Amino acid sequence: MEDIIPCAVKDQEVFQRVWQRVMAGRGQASSPVQPGIPGGWEGDVSCQCLEALMRRQGEGLPSECECPGTEETPEAPVQPEPPVQEPGGEPPVQEVPAPEPPSGEDTPAEGLPQEEGLHRGNDLPRLWEEPQPANDRTARLRRHVMDALEGWQFYRHLAKRARGADARTLNGMAAEQHKEARKLAAAYFLLTGLRYWPTELLGAPDIPSYWGALRARYQAEQRQEGAHRLAADDWEDPELLALYAGLAEGCQRRCRQLRGLLEQDMT
């Protein structure tokens, strides 16, 4: 410190008093006066500057005592370094994140095989086309399929002429006949490998009157019951025997229902 004090204040006692007053409670690192000549200053610190420092209680030198070039300049923000490109090489490729699948769409699970083959609707068996002798057992089976489909069509149209509970009963009988037709068609396919479902041959039934239709259908159910019991004698297969027995019971049940409809409407 003595090297930068001018000759006017080289008295040791004066220097100690100045130093104690200026540096009271301050560390040497925070003092604006440092040993040696700071960069950019020429010569010693003048006495006027030291006196000004005493009056400011060590809060820094006045502007006329500051050396040019000592002001701190704000640091420039650090910019990211550009990727280094080797001479003659291609610029580095930036990684692009993989697109996420849209929300709400199901993605196929890994490890599961994709569906193969034709849809079952395109894999129907060949339709029956060639006529066969009337006494053939399969021909009679086809006749029973057609009878059940005609009964289904008749009950559906008859239900449109009824109201309330009568209409519900007739619609239930139509559904029962359609179910029996499916059972007979499945039995025919198991025997022949051909499909027989002649719905395109069905027409609108002749229903001149509601009561006359109930009577005509009652007689048709009786005839079909007898035909089912006779057809059971053609087969030894237990499945077909059970099928025809169930069909005969269905005819009996519908006959009772038709009788009940007539009895209710008579009053």
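Owing to the predicted nature of the structure, the values given are computational and were not obtained by experimental measurement. Throughout, residue positions are numbered sequentially from 1 according to the sequence presented.
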If you measure from [atom1] on [X] to [atom2] on [Y], what distance do you get to the nearest 0.5 Å?
| X | Y | atom1 | atom2 | value |
| --- | --- | --- | --- | --- |
| Thr138 | Leu194 | OG1 | CG | 9.0 Å |
| Tyr244 | Asp237 | OH | CG | 11.0 Å |
| Asp233 | Arg137 | CG | CZ | 12.0 Å |
| Met146 | Thr199 | CE | OG1 | 9.0 Å |
| Trp235 | Leu191 | CH2 | CG | 4.5 Å |
| Tyr210 | Leu262 | OH | CG | 8.0 Å |

Review item, side-chain donor-acceptor pairs of residues 179-187, under 3.5 Å, at least two apart:
unit_1 : atom_1 : unit_2 : atom_2 : d
Glu180 : OE1    : Gln177 : NE2    : 3.1
Glu180 : OE1    : Arg254 : NH2    : 3.2
Glu180 : OE2    : Arg254 : NH1    : 3.1
Arg182 : NH1    : His178 : ND1    : 2.9

Could you pull out the closest heavy-atom pair between [X] and [Y], with the gap in Å?
| X | Y | answer |
| --- | --- | --- |
| Tyr218 | Cys255 | CE1-O, 3.3 Å |
| Leu149 | Pro198 | CD1-CD, 3.7 Å |
| Ala248 | Glu225 | O-CG, 3.9 Å |

* Asked: If Ile, Leu, Val, Met, Phe, Trp and Tyr residues are connected whenever their side-chain heavy atoms lie under 4.5 Å apart, and connections chain through other members, are Leu243 and Leu241 in the same group?
  -> no

* Asked: Do Glu150 and Arg143 sit within salt-bridge range, that is, some charged N less than 4.0 Å from a carboxylate O?
  -> yes

* SB check Glu249 Arg253 (cutoff 4.0 Å) -> no

Show me the donor-acceptor pairs, under 3.5 Å and distance only, between side chains in residues 168-175 and residues at least two apart or in other chains.
unit_1 : atom_1 : unit_2 : atom_2 : d
Thr169 : OG1    : Ala165 : O      : 3.0
Asn171 : ND2    : Ala167 : O      : 3.2

* Is it possible for you to check whether Arg156 lies under 6.0 Å from the centre of the six-membered ring of Trp152, through NZ or CZ, and within 45° of that ring's axis? => yes

* Hey, mind stepping through Tyr188 and His144 against side chain to side chain contact (heavy atoms under 4.5 Å, CB included) and telling me if it holds? -> CA-CA 10 Å; Tyr188 183 80; His144 297 154; over 6 Å; no

* Are Glu221 and Leu258 side-chain neighbours, meaning at least one heavy-atom pair lies under 4.5 Å? -> yes

* To do: Starting from the C-alpha separation in whole Å, work towards a yes-or-no answer on side chain to side chain contact (heavy atoms under 4.5 Å, CB included) for Leu190 and Glu239.
  => CA-CA 11 Å; Leu190 292 174; Glu239 296 290 338; over 6 Å; no

* Asked: Quick check: does any side chain N or O of Arg161 sit under 3.5 Å from a backbone N or O of Ile207, one acting as donor and the other as acceptor?
  -> yes

* Asked: Is Arg259 atom CZ crowded by more than 12 heavy atoms from other residues, nucleotides or ligands, each under 6.0 Å away?
  -> no

